[in-house]
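Every chain is numbered from 1, with letters handed out A, B, ... down the list of sequences.
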Number of protein chains: 2
Amino acid sequence: MGVTIKDVARKANVAPSTVSRVIANNPKISAKTKAKVQAVMEELGYYPNVNARNLVNNRTNVVGIIMPSVSYAPFQNPFFPEVLRGITAQANEKKYGLYLSTAQTDKGILEEVIEMYYSRRVDGMILLYSTVSDPIIEFLLDKAFPFVVVGQPPEALSGQVSYVNNDNVKAAKMVTEYLLLLKHERIAFVGGREEAYVTLDRKKGYIEALEEAGMTPDDSYIVHHDEIFEGGEQAVIELMSRKHPPTAMIVMDDLMALGVLRMLFNMNISVPNEVSIVSFNNVLMAELATPPLTTLDIHIHELGYRAAELLQKRIADPEAPAEKRIISHKLIRRETSAVYSGERR
Amino acid sequence: MGVTIKDVARKANVAPSTVSRVIANNPKISAKTKAKVQAVMEELGYYPNVNARNLVNNRTNVVGIIMPSVSYAPFQNPFFPEVLRGITAQANEKKYGLYLSTAQTDKGILEEVIEMYYSRRVDGMILLYSTVSDPIIEFLLDKAFPFVVVGQPPEALSGQVSYVNNDNVKAAKMVTEYLLLLKHERIAFVGGREEAYVTLDRKKGYIEALEEAGMTPDDSYIVHHDEIFEGGEQAVIELMSRKHPPTAMIVMDDLMALGVLRMLFNMNISVPNEVSIVSFNNVLMAELATPPLTTLDIHIHELGYRAAELLQKRIADPEAPAEKRIISHKLIRRETSAVYSGERR
DNA sequence: TTGTATGCGTTATCAG
DNA sequence: CTGATAACGCATACAA
């Protein structure tokens with residue numbers, strides 16, 4: 001098989017334990033033997049067997065990434081590769097490994113999490129999704145196992161759960177205020193699943209902004225759609241058939257905004273001349289759209305990076321109280337938003 | 001710590017080895033003791049410690065996924081999430097785990113592969129990229145370690161390497177013939193990196209089709225661009241300033257086609273009335289573009305799925321000769337391709 | 001069919 | 001500062 005610690009020990013004329021100490025950089029080892037052992041390790045091409053090491057340490061230096069079930073609509077969203085990149089960057093810096101969940105159903109994911117936990121495969125987990133009630137979070141909490149969720153955890157547990165998220169209320173409020181300043185008077189809100197926290201929070205910010213501007217939010221300008229792309233198309237149909245169609249739309253997601261854009265294009269309604277669009281996320285696609293989308297960058301990469309960072313902290317000290325990290329956002333003005341200048345149609 | 005095999009043994013009044021045999025489904029175990037042990041396992045909530053198991057078996061039931069370095073332009077391409085999904089699906093069926101590489105540079109990736117190999121972290125690897133010369137492949141080949149590449153491996157080694165790929169020559173030929181049948185006479189080819197096998201192969205198919213149609217391929221209609229999106233924009237500038245601009249373009253990638261589309265839109269050139277576009281991949285974006293892209297579906301998901309499948313086969317029998325799997329493709333006609341009917345501009 | 005003993009490669013404890 | 005030894009949890013060769 002491979003070169004073991006014993007082979008190194010023999011060749012260096014020391015005990016295996018000494019070699020182990022050299023690997024661990026134990027301070028109480030003489031510079032001389034250290035050098036000698038390292039030379040032999042080099043010569044023999046020694047690499048520690050992680051399985052043996054994990055076994056005795058009861059620690060793996062690997063974190064599990066829990067993906068949402070495929071039935072979760074936004075799965076195809078570029079959001080995931082991007083958080084993953086953020087996580088990857090941090091993991092690489094800190095020499096952590098990444099283990100990916102493969103289950104495709106909610107039930108399967110729960111089982112996989114349980115298995116990961118009991119089989120001691122990982123030191124902690126990052127949950128890439130958030131639902132209102134979640135047996136997985138309850139399980140992990142019950143076991144006091146380190147984990148971090150990307151997004152908003154269930155309200156009732158949010159005090160006990162570490163998470164990274166944006167301030168979605170504030171973000172949506174800012175977007176709404178921006179459109180207000182652009183003189184829009186009828187601003188529609190195109191949400192995702194009605195129970196999703198992202199949608200809930202952003203709707204709240206939207207309403208706050210309207211009210212602070214002395215306007216009364218009108219429910220008929222608020223629609224919800226689950227399907228990431230088609231939802232955008234349907235929203236347009238609904239909204240544009242109002243007696244007084246909106247002059248601006250706030251759309252939950254860039255991909256959804258693409259659906260909006262396309263339907264508007266089909267209806268021969270010009271963006272941004274007749275209708276302004278502002279969406280969220282700023283994935284690559286937002287920039288590539290025609291016209292390029294004005295969108296709120298939620299710094300997805302950083303979301304992932306910070307989640308990984310926070311998880312490490314929890315692994316180092318699992319007893320510490322839960323923490324949250326709020327990631328900043330930034331409005332990226334591109335070509336789907338403009339000053340509203342009276343009726344055009 | 002957790003429940004071990006000994007705990008189960010004690011409670012079931014058998015030896016640890018018996019429990020081990022029950023887990024392994026050893027046939028020479030009496031139905032009675034088997035049932036008894038299983039009941040206790042259930043009761044105690046026993047899960048095997050994977051690290052201990054991996055150590056003795058020298059096998060992990062985990063495969064490593066090697067991602068391309070971030071410097072590789074198409075990294076942000078939806079191609080990756082999609083292959084990943086394919087791999088994931090197969091891994092889940094076969095109860096394999098997935099370990100993700102995190103290195104960001106070519107050098108780092110090589111080191112990570114070496115580490116993965118020596119430290120016995122994984123049973124095999126899937127390489128999600130292909131370059132013309134590759135120290136990683138040489139390393140793996142030298143060690144006779146099971147791996148599969150998604151895409152075309154270096155020519156010189158292709159006999160020894162297992163891989164999954166599309167028949168890119170045939171695919172491009174078909175696309176070209178399709179445009180020929182649409183009466184296009186000046187068909188441009190917008191490639192990616194000139195040395196990339198995808199580009200090389202597709203260019204070959206494109207030229208074959210033209211020659212078989214009795215036409216002489218014209219180099220001035222062939223351009224190459226590395227940047228995934230901006231490349232498309234630049235290609236349009238180059239091509240449309242030819243004395244006789246092309247009436248159709250074959251574009252290496254859907255995202256690149258979005259760049260093409262946008263630049264054409266800016267130039268006020270109508271697609272498909274004045275110029276037809278056919279691209280490759282059929283990622284989600286192709287459908288969401290305005291107008292929706294006619295594109296060649298290369299069945300990315302299946303590419304991933306089959307790669308995982310092939311890898312398992314190699315793990316089971318590493319001595320077997322290298323194999324390749326060619327994944328089918330399919331032309332998806334949407335709204336960027338139409339019959340060419342004489343000059344319009 | 002089941003139990004006993006041993007080893008996988010490492011780390012940690014305890015002597016020296 | 002270094003060496004011997006036990007232990008981590010499991011699988012298997014050999015006995016019974």
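- Side chain of A:S101 to main chain of A:A103: no donor-acceptor pair is present (N/O by atom type, distance under 3.5 Å, no hydrogens or angles).
- Side chains of A:T33 and A:S30: a donor on one and an acceptor on the other come within 3.5 Å.
- Among the protein residues, A:D7 comes within range of no part of the nucleic acid, since none of its heavy atoms lies under 4.0 Å from any strand.
- Atom pair B:L44:CG and D:dG9:C1' shows a separation of 15 Å (rounding to whole Å applied).
- Taking atom CZ of residue A:R59 and atom P of nucleotide C:dT10, one finds them 18 Å apart after rounding to whole Å.
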Worksheet item: Going through the distances and angles, do B:E43 and B:K11 end up as a salt bridge (Lys or Arg N to Asp or Glu O under 4.0 Å)?
Response: CA-CA 10 Å; B:E43 185 191 341; B:K11 184 136 191 170; 3.2 Å; yes

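- When rounded to the nearest whole Å, the span between CG of A:N54 and C1' of D:dA7 equals 16 Å.
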Worksheet item: Taking it one step at a time, do A:Y118 and A:K143 satisfy side chain to side chain contact (heavy atoms under 4.5 Å, CB included)?
Response: CA-CA 10 Å; A:Y118 280 116; A:K143 302 300 183 189; 3.1 Å; yes

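- Remark: of the listed residues B:N26, B:T18, B:N25, B:N25 is the sole one forming a side-chain hydrogen bond (donor to acceptor under 3.5 Å, both in side chains) with B:K34.
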Quick test: give all pairs of protein nitrogen or oxygen and nucleotides 10-14 of chain D nitrogen or oxygen below 3.5 Å, distance rounded to 0.1 Å.
residue: D:dC10; atom: OP1; partner: B:Y46; partner atom: OH; Å: 2.4
residue: D:dC10; atom: OP1; partner: B:N49; partner atom: N; Å: 3.2
residue: D:dC10; atom: OP2; partner: B:I5; partner atom: N; Å: 2.5
residue: D:dA11; atom: OP1; partner: B:R53; partner atom: NE; Å: 3.1
residue: D:dA11; atom: OP2; partner: B:S20; partner atom: OG; Å: 2.9

Worksheet item: Should A:Y117 and B:Y47 be marked as a ring pair (Phe, Tyr, Trp, His ring centres under 6.0 Å) after you check the CA-CA gap, both sets of side-chain angles, and the distance that decides it?
Response: CA-CA 9 Å; A:Y117 167 78; B:Y47 279 81; 8.8 Å; no

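- Across the protein-nucleic acid pair, A:K34 atom NZ and D:dT2 atom P stand 11 Å apart, rounded to whole Å.
- Within 4.0 Å of A:L55, counting heavy atoms only, lies at least one base atom of the nucleic acid.
- Taking atom CG of residue A:N26 and atom P of nucleotide D:dG3, one finds them 13 Å apart after rounding to whole Å.
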Discussion item. Could you go through A:E115 and A:R121, starting from their C-alpha distance and side-chain angles, then the distance that decides it, and tell me whether this counts as salt bridge (Lys or Arg N to Asp or Glu O under 4.0 Å)?
Written reply: CA-CA 8 Å; A:E115 197 270 349; A:R121 221 180 250 293; 3.4 Å; yes

Item to complete: Might you work through the side-chain hydrogen bond (donor to acceptor under 3.5 Å, both in side chains) test for A:N51 and A:R53, ending with a clear yes or no?
Response: CA-CA 5 Å; A:N51 300 307; A:R53 177 178 275 189; over 6 Å; no

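- Computed from C1' positions of five pairs at each end, the angle between the two local axes of the helix from C:dT1-D:dA16 to C:dG16-D:dC1 equals 40°, rounded to 10 degrees.
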Practice prompt. Apply the test side chain to side chain contact (heavy atoms under 4.5 Å, CB included) to residues B:R59 and B:I315: give CA-CA distance (whole Å), side-chain angles for both, the deciding distance (0.1 Å), then the verdict.
Written response: CA-CA 10 Å; B:R59 194 173 197 297; B:I315 291 173; 3.7 Å; yes

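- Whole-Å rounding puts the B:N58 CG to C:dG7 P distance at 17 Å.
- Nucleotide D:dG3 holds its C1' atom 10 Å from the CD1 atom of A:I29, rounded to whole Å.
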